[in-house]
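All remarks here apply to the structure that follows.
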Amino acid sequence: MKKIVFILFLVSSFVGFSQEDAWVYFKDKPNAATYLSNPLTMLSQRALDRRNAQGITLDISDVPIYQPYIDEITASTGITVKAKSKWMNCLHIRGSQTDINALKLVSSVLSIDFADKTLNSPSNKTKAKLRFKPVKKTMESAISFDYGSSSNQIQMLNGHLLHQADYTGSGKIIAVLDAGFPGVDTAQPFQRLRDNSQILGGYNYVTKSSDFYSGATHGTAVLSLMGGFTVGQLIGTAPDAQYYLYITEDDASENPVEESNWVEAAEEADRVGADIITSSLGYFGYDDPSYGHTYSDMTGNAAFASKGANIAFGKGMVVLASAGNEGATAEPHVGVPAEALNVIAVGAVKADESYALFSSIGPRFDGRVKPDVMAQGQNPYVYTNGTINNGGSGTSYSCPILAGMVACLWQALPAKNAQQIKQLILQSSDNFADPAVKSRSQYGYGIPDFSLALSNGLSVTAFSKSDFVVYPNPTNDSISVTLSNGSVVKTIAIYTVLGQKVLEKNISTQSPTISLKSLNSGIYFYKIESKDFSKSGKIIKQ
């Protein structure tokens with residue numbers, strides 16, 4: 001009898017005092033005006049330059065969390081602070097449900113969001129335990145790399161043509177968010193990075209230390225696909241880019257704090273002035289099934305890391321993430337943060353450009369296209385386990401292969417903003433205009449042609465006085481037209497492929513958005529006109 005009572009006591013104690021994860025959001029940032037008046041106290045000059053170049057203004061999300069608020073939560077009974085996000089003005093905390101709920105009485109607290117969604121509402125959905133781990137125009141030649149065995153994974157993207165034109169990522173900074181980078185400080189494939197001081201720094205958000213040459217070897221392999229340089233065996237897609245290395249993933253477990261680590265690292269990438277974030281990590285289910293996401297959560301801006309990724313894009317960085325390796329499982333869809341609206345989700349193909357069966361599929365729950373693009377993820381050549389080999393596969397590999405090429409393209413088109421770079425990549429892809437050829441749920445927009453993207457990007461520069469961008473394209477509900485400063489009112493007309501005009505509207509800097517909700521899905525053509533300017537193009541309505 002005593003034994004039974006003891007067991008019941010343990011069960012009741014566990015129910016009352018088990019640890020939960022949650023986000024606590026604050027109402028304001030009392031010191032915002034001081035920071036916004038002194039931007040170098042919160043962002044590096046390079047970050048400010050990147051923002052200025054893209055016309056992105058500073059706002060309250062750039063201001064750090066008010067330190068007294070952090071101190072108050074840290075000192076609260078039973079609460080451990082695990083991570084923080086200035087963009088969302090919140091802390092990731094851990095404690096009992098009772099102690100976390102007690103924080104609602106703190107005057108600075110706006111709201112609390114439990115990772116276990118059943119604690120936020122009466123809904124009590126059953127969530128399957130789904131683990132998603134990281135495998136988690138013609139140019140005169142200036143450079144000719146001996147790619148060796150790695151040639152296919154670069155040539156598939158026509159990346160070698162950019163390299164030959166001396167676009168190798170120089171001047172661009174890539175932030176790599178992963179599970180660890182052991183050996184990057186010693187191994188031969190990274191000697192060139194070390195000799196040229198291309199590794200700018202990093203941080204370990206799991207151990208809260210500066211020891212980023214540690215953790216799982218996954219990030220080491222990922223970095224080799226961009227920055228690796230072993231003549232005749234492996235040349236990365238961005239051998240002359242610079243890198244920050246951030247450990248956000250605890251390879252020993254799956255917990256929502258890793259999403260918070262991801263966002264905190266993305267904020268640091270923004271602060272130091274990174275141009276690109278690449279992440280071969282993804283989240284769907286967790287060790288505790290009550291924390292897991294469901295397919296209905298995949299709407300582009302619901303999950304914490306997806307929100308952070310979208311904000312990162314809004315700060316002027318191109319964000320890429322692995323689509324995932326769940327294509328052959330019961331839950332095959334693209335996970336977090338790849339499902340985010342503004343993230344380039346990269347799926348995997350084989351060396352012959354056919355779909356790799358493990359690559360996670362789309363669409364997102366709201367019907368939008370995911371993955372976005374594809375690259376070789378099945379058996380590419382990569383540095384792993386101390387050797388260069390093609391023994392591994394995963395969207396973890398296709399993502400950095402493509403991310404490196406983004407750096408090369410942006411180096412070639414330095415006046416473009418993040419939105420324009422992303423759109424050029426999508427429009428260059430082989431499944432962009434004709435999704436009937438390949439399943440869009442598997443291939444997305446297909447395999448990009450970076451030579452074509454560069455050619456298209458250069459052609460736009462001819463319209464310097466009345467430069468514009470139509471985005472997003474493809475679109476679901478509406479399009480926006482960005483106009484250069486001082487542009488006069490222009491007219492946009494939308495035509496069917498048979499030449500029938502179906503929509504016409506005046507556009508200006510004050511009213512740049514055009515609703516396409518009245519149009520059926522399909523391919524249309526637009527024509528923008530003014531007194532001294534006319535430009536046509538194609539738009540896809542999903």
Side-chain angles (χ1 to χ4, degrees), residues 137 341-342 344 362-363 366-370 372-373 409 413 415-441 443-484 487-542:
K137 249 160 264 191
L341 177 64
N342 293 316
I344 298 177
D366 60 0
R368 302 198 187 202
V369 172
K370 286 287 176 179
D372 294 279
V373 292
L409 179 65
L413 301 170
K416 300 299 181 185
N417 60 34
Q419 174 66 55
Q420 292 167 326
I421 291 294
K422 178 186 174 186
Q423 193 62 36
L424 285 168
I425 293 167
L426 297 185
Q427 289 179 329
S428 77
S429 300
D430 62 359
N431 203 36
F432 181 77
D434 194 357
V437 175
K438 297 177 180 177
S439 168
R440 187 152 280 178
S441 67
Y443 287 89
Y445 299 116
I447 301 170
D449 180 339
F450 278 85
S451 180
L452 176 60
L454 175 57
S455 179
N456 289 340
L458 291 172
S459 69
V460 174
T461 60
F463 305 99
S464 57
K465 182 178 179 180
S466 302
D467 197 13
F468 73 96
V469 178
V470 177
Y471 68 93
N473 186 11
T475 184
N476 199 48
D477 299 318
S478 63
I479 55 173
S480 294
V481 182
T482 61
L483 303 170
S484 60
S487 293
V488 298
V489 173
K490 296 177 175 65
T491 299
I492 184 169
I494 307 293
Y495 300 84
T496 67
V497 292
L498 298 178
Q500 178 186 10
K501 185 188 293 185
V502 292
L503 188 152
E504 186 172 20
K505 183 178 179 180
N506 289 335
I507 57 174
S508 68
T509 54
Q510 289 75 38
S511 181
T513 302
I514 300 93
S515 175
L516 301 183
K517 288 184 178 180
S518 63
L519 303 184
N520 295 323
S521 299
I523 297 176
Y524 295 86
F525 292 90
Y526 64 82
K527 187 174 184 180
I528 294 180
E529 292 184 299
S530 69
K531 181 178 180 180
D532 57 354
F533 172 74
S534 177
K535 176 68 176 179
S536 301
K538 183 190 295 182
I539 192 85
I540 295 177
K541 167 74 184 316
Q542 295 177 343

Legend entry - Residues in salt bridge (charged side-chain N to carboxylate O under 4.0 Å, His left out) contact with R440, at least two apart in sequence or another chain: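 R440: no salt bridge (charged side-chain N to carboxylate O under 4.0 Å, His left out) contacts found.
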Inset, instruction - Under the salt bridge (charged side-chain N to carboxylate O under 4.0 Å, His left out) rule, collect the residues that match up with D449, sequence neighbours excluded. - result: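 In terms of salt bridge (charged side-chain N to carboxylate O under 4.0 Å, His left out), with neighbours along the sequence ignored, D449 is linked to no residue.
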Legend entry - Non-neighbouring partners of A493 that pass side-chain contact (heavy atoms from CB on, under 4.5 Å), sequence neighbours left out: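 Counting only residues at least two positions away or on another chain, A493 forms a side-chain contact (heavy atoms from CB on, under 4.5 Å) with Y495, K501, E504.
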Legend entry - For A453, side-chain contact (heavy atoms from CB on, under 4.5 Å) partners two or more places apart: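 Partners of A453 under the side-chain contact (heavy atoms from CB on, under 4.5 Å) test: L409, L424, S428.
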Listed by chain and number, what are the side chain to side chain donor-acceptor pair (under 3.5 Å) partners of [X], not counting sequence neighbours?
{"X": "Y443", "result": "none"}
{"X": "D430", "result": "K438"}
{"X": "S429", "result": "none"}

Find the distance between [atom1] ([X]) and [atom2] ([Y]) and round it off to the nearest 0.5 Å.
{"X": "N506", "Y": "I514", "atom1": "CG", "atom2": "CD1", "answer": "10.0 Å"}
{"X": "K422", "Y": "N417", "atom1": "NZ", "atom2": "CG", "answer": "12.0 Å"}
{"X": "L503", "Y": "L519", "atom1": "CG", "atom2": "CG", "answer": "6.0 Å"}
{"X": "I479", "Y": "I494", "atom1": "CD1", "atom2": "CD1", "answer": "4.5 Å"}

Legend entry - Donor-acceptor pair, side chain of Q423 and main chain of Q420, under 3.5 angstrom: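 No: the side chain of Q423 does not pair with the backbone of Q420.
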Nearest non-hydrogen partners of [X] and [Y], listed with the distance:
{"X": "N520", "Y": "Y524", "value": "O-OH, 2.8 Å"}
{"X": "G444", "Y": "N431", "value": "O-ND2, 2.9 Å"}
{"X": "S515", "Y": "S478", "value": "CA-CB, 4.0 Å"}

Inset, instruction - Applying ring pair (Phe, Tyr, Trp, His ring centres under 6.0 Å), name anything that partners F450, two or more places apart in sequence or on another chain. - result: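 Ring pair (Phe, Tyr, Trp, His ring centres under 6.0 Å) check on F450 returns nothing, list empty.
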